[in-house]
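Report on the following structure.
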Amino acid sequence: MRIAIAATGAGRVTVGDPDGGSVHDLERHDLPALVARLEAEHAPRWIWRDTREWAPQLLAAGVRVARCHDLRLCGAILASSTVVAEAREGMPGRPAWLPPGPAEAAADASAPAAASVAAHAPHAALFELDEPVDAGSREGARHPSIDDLAAEHDRQLALADAAERSGALRLLLAAESAGALIAAELRVAGLPWDRAEHERVLEEALGPRPAAGRKPHRMEELSALVRDALEAPTLNLDSHADLLRALRAAGIGVDSTARWQLREHDHPAIAPLLAYKKLARLLSANGWAWLDEWVVGGRLRADYVAGGTATGRWATAGGGALQLPKAVRGAVSADDGWSLVVADASQLEPRVLAALARDPAMAAAGRGRDMYGAIVDDGVVATRDEAKVALLGAMYGATTGDSGRLVPRLARAYPRAMALVDDAARAGEAGRRVSTLLGRSSPLPSASWHDLQARANAVDATAVDERRARAAARDWGRFTRNFVVQGTAAEWALCWMAGLRARLAAIPVPPSVTPATASGPAFERMPHVVYFLHDELIVHAPDALVDAVASAVRESAAEAGTMLFGEAPVEFPLDLVVTRSYASVV
DNA sequence: TGGGCCCGCGCC
DNA sequence: AAAGGGCGCGGGCCCA
């Protein structure tokens with residue numbers, strides 16, 4: 001059964017079964033109670049334009065739904081998937097009231113990014129009762145009725161079912177929609193954050209918090225050392241241009257101020273400069289200002305953007321949760337009576353490549369716990385480190401350095417795996433799309449990319465034109481090479497997390513559980529996902545339930561492998577730790 | 001003053 | 001040691 005939810009303007013909402021069931025017209029304020037009742041009675045798939053329009057309000061009221069279909073995210077996948085290209089020909093396109101997906105909007109410089117549309121200041125209310133998404137102001141946009149939503153849902157399912165591997169596409173749409181729910185839940189629950197521990201880390205590294213507009217003590221000391229060593233008494237270390245000039249004037253032959261270049265020179269200014277840059281990074285990215293802005297009430301509430309990148313990996317639109325430096329992870333700590341179940345899919349991308357390519361030798365290497373070790377045992381390379389570098393090079397398209405040198409050895413040992421990524425690279429170089437296992441397709445290169453190629457093919461093309469075009473083609477080929485692996489790995493991770501979400505909701509909670517009061521009414525007694533980073537997640541779980549949660553995490557990983565690859569002989573082992581603090585994992 | 005670009009660096 | 005793919009973010013800086 002499906003039930004659609006549509007805004008009708010002026011704070012009212014229509015909720016109903018478009019296939020002939022009852023339809024309710026109500027104040028938006030009354031929505032959570034109705035959804036809770038219908039969810040309990042029918043366990044429907046909820047059909048809505050955009051999960052971000054509804055989930056925050058429901059979660060704030062303590063109401064969760066098991067399944068939804070996010071028309072915006074699924075519409076974006078179907079609009080670009082080559083798997084349904086033929087079926088699209090005979091069908092109407094996306095309706096005007098359906099905004100583009102986040103990755104599409106980001107790629108289109110003329111339109112504001114969807115992420116920024118949804119973005120809000122961290123202290124703002126978690127939802128706005130009237131218009132949380134400004135789709136109403138888009139040209140040609142209007143409020144879709146529940147019949148509009150149902151018709152678009154039908155169109156999307158018909159497109160998916162027209163694909164040769166319709167099951168894969170259906171799975172992708174379900175996983176993407178589950179991801180949208182999880183992204184909303186991650187924000188509402190928040191990542192448990194120990195402010196005092198974070199401040200301790202900052203003070204140890206930087207010294208006491210400085211007055212507004214002042215630099216921390218340790219940074220001032222290091223700046224003085226650098227200025228002395230460079231004999232540049234007024235140098236501003238934060239200005240790349242000024243710093244580069246001062247370095248060169250002191251005889252240090254770098255052409256950028258990047259750390260890897262600086263490290264190659266022996267000069268008394270280098271050590272304090274590198275130390276300064278490390279501290280400056282900590283201060284600006286995760287210092288006191290970040291803490292004040294993003295950690296409220298003992299929770300980091302980052303703004304995840306499901307489907308925010310071309311490959312299907314998520315993005316964030318604030319809070320920087322995808323780049324929490326290891327130095328501050330000790331501040332992630334469970335509430336009293338609760339634990340963190342931290343799980344990481346080890347060597348996910350090479351395993352995905354082995355399974356995707358059905359390369360028997362590489363799959364055999366991916367059957368054990370340590371794929372890199374198995375590649376050494378196969379005699380392909382001499383050390384684990386070489387195996388890792390060679391695999392990264394194969395997936396990223398390295399051509400130089402150690403990595404580029406090792407790739408041919410990998411190609412001899414695992415020809416099918418190498419052929420898969422090489423084919424993807426060739427397609428990209430020719431300007432064609434490539435697709436993941438479940439059917440998400442890469443974007444087309446930009447108009448300027450095509451211009452470059454056209455110029456190189458013109459009769460009066462110069463050597464420079466040809467060189468530029470070749471470089472651009474190879475760049476895009478590296479992108480498509482990586483796309484198939486990164487994107488399929490993202491699909492594995494989505495399926496893993498979606499399965500886990502369902503399993504966590506089914507774990508019975510004993511009455512003895514201490515509430516995690518800062519996690520909101522939907523999660524205060526339930527184990528719940530609080531962090532997700534590409535191939536790693538954290539569940540905040542009552543102590544009494546950590547064993548059940550760990551089992552759920554493992555079962556979901558195994559199930560994700562089977563859903564994507566059937567009985568392919570590749571395993572997806574997890575590194576799983578139960579802990580109070582994320583620091584103990586790093 | 002604000003937008004957009006580059007740089008450098010944090011994460012995977 | 002970096003390299004090669006995907007990101008976000010803050011600071012400097014240029015320009016209107």
Side-chain angles (χ1 to χ4, degrees), chain A residues 102-103 106-107 109 112-113 115-116 119 215 236-244 254-265 273-274 276-287 289-290 293-294 302-305 307-329 344-350 352-353 385 388-407 421 424-425 428 434 442-443 474-490 493 531-537 586:
Chain A
S116 71
K215 287 253 171 71
N236 172 11
L237 296 199
D238 298 325
S239 166
H240 296 147
D242 292 354
L243 179 56
L244 185 59
V254 289
D255 48 31
S256 87
T257 64
R259 189 173 50 203
W260 66 270
Q261 286 210 9
L262 294 170
R263 259 194 307 236
E264 307 210 329
H265 291 85
L273 176 54
L274 291 177
Y276 175 89
K277 285 162 78 81
K278 197 172 179 64
L279 295 184
R281 169 73 193 185
L282 176 64
L283 175 69
S284 71
N286 298 99
W290 179 87
E293 184 174 3
W294 291 103
D303 202 354
Y304 287 90
V305 184
T309 78
T311 62
R313 274 189 177 180
W314 288 10
T316 51
L322 301 186
Q323 52 202 51
L324 288 184
K326 299 205 161 140
V328 305
R329 289 186 181 182
D344 177 325
S346 55
Q347 305 160 347
L348 177 61
E349 291 195 355
V352 163
L353 173 57
D385 206 47
K388 182 176 180 173
V389 166
L391 268 172
L392 288 177
M395 293 185 296
Y396 293 163
T399 54
T400 59
D402 283 353
S403 182
R405 210 175 59 246
L406 291 167
V407 167
V421 287
V434 296
S442 63
R474 275 198 291 263
D475 284 349
W476 198 256
R478 277 195 298 277
F479 166 61
T480 53
R481 170 190 295 272
N482 184 249
F483 182 95
V484 293
V485 178
Q486 187 187 116
T488 304
Y531 189 64
F532 174 54
L533 184 57
H534 309 318
D535 60 359
E536 175 175 1
L537 55 79
V586 178

Among [options], the nucleotide that comes nearest once only the side chain of [X] is considered:
X        : options               : result
A/Thr311 : C/dG6, B/dC12, C/dG11 : C/dG6
A/Gln486 : B/dC12, C/dG5, C/dA3  : C/dG5
A/Gln323 : C/dA2, B/dC11, B/dG8  : B/dC11
A/Ser284 : C/dC9, C/dG10, C/dG6  : C/dG10
A/Thr400 : C/dG12, C/dG4, B/dG8  : C/dG4
A/Val389 : C/dA3, C/dC13, B/dC9  : C/dA3
A/Ser403 : C/dA3, C/dC7, C/dG5   : C/dA3
A/Phe479 : B/dG8, C/dA2, C/dG5   : C/dG5
A/Arg329 : C/dG4, B/dC11, C/dG6  : B/dC11

NA contact type, [X], heavy-atom cut-off 4.0 Å: base, sugar-phosphate, or nothing?
X        : answer
A/Gly393 : nothing
A/Val485 : nothing
A/Gly319 : sugar-phosphate
A/Lys278 : nothing
A/Arg281 : base
A/Thr257 : sugar-phosphate
A/Arg481 : nothing
A/Asn286 : nothing

Whether A/Tyr396 stacks on the six-membered ring of C/dG4 base, 5.5 Å and 30° limits: no
Side-chain-base donor-acceptor pair under 3.5 Å for A/Asp402 and C/dA3: no
Test: A/Arg405 and A/Asp402 ion pair at under 4.0 Å: yes
Any A/Arg263 side-chain N or O less than 4.0 Å from OP1/OP2 of C/dA2: yes
Salt bridge (charged side-chain N to carboxylate O under 4.0 Å, His left out) between A/Glu349 and A/Lys388, worked out: CA-CA 11 Å; A/Glu349 291 195 355; A/Lys388 182 176 180 173; over 6 Å; no
Position toward the 5' end of DNA chain C (nearest nucleotide), A/Ala315 or A/Arg259: A/Arg259
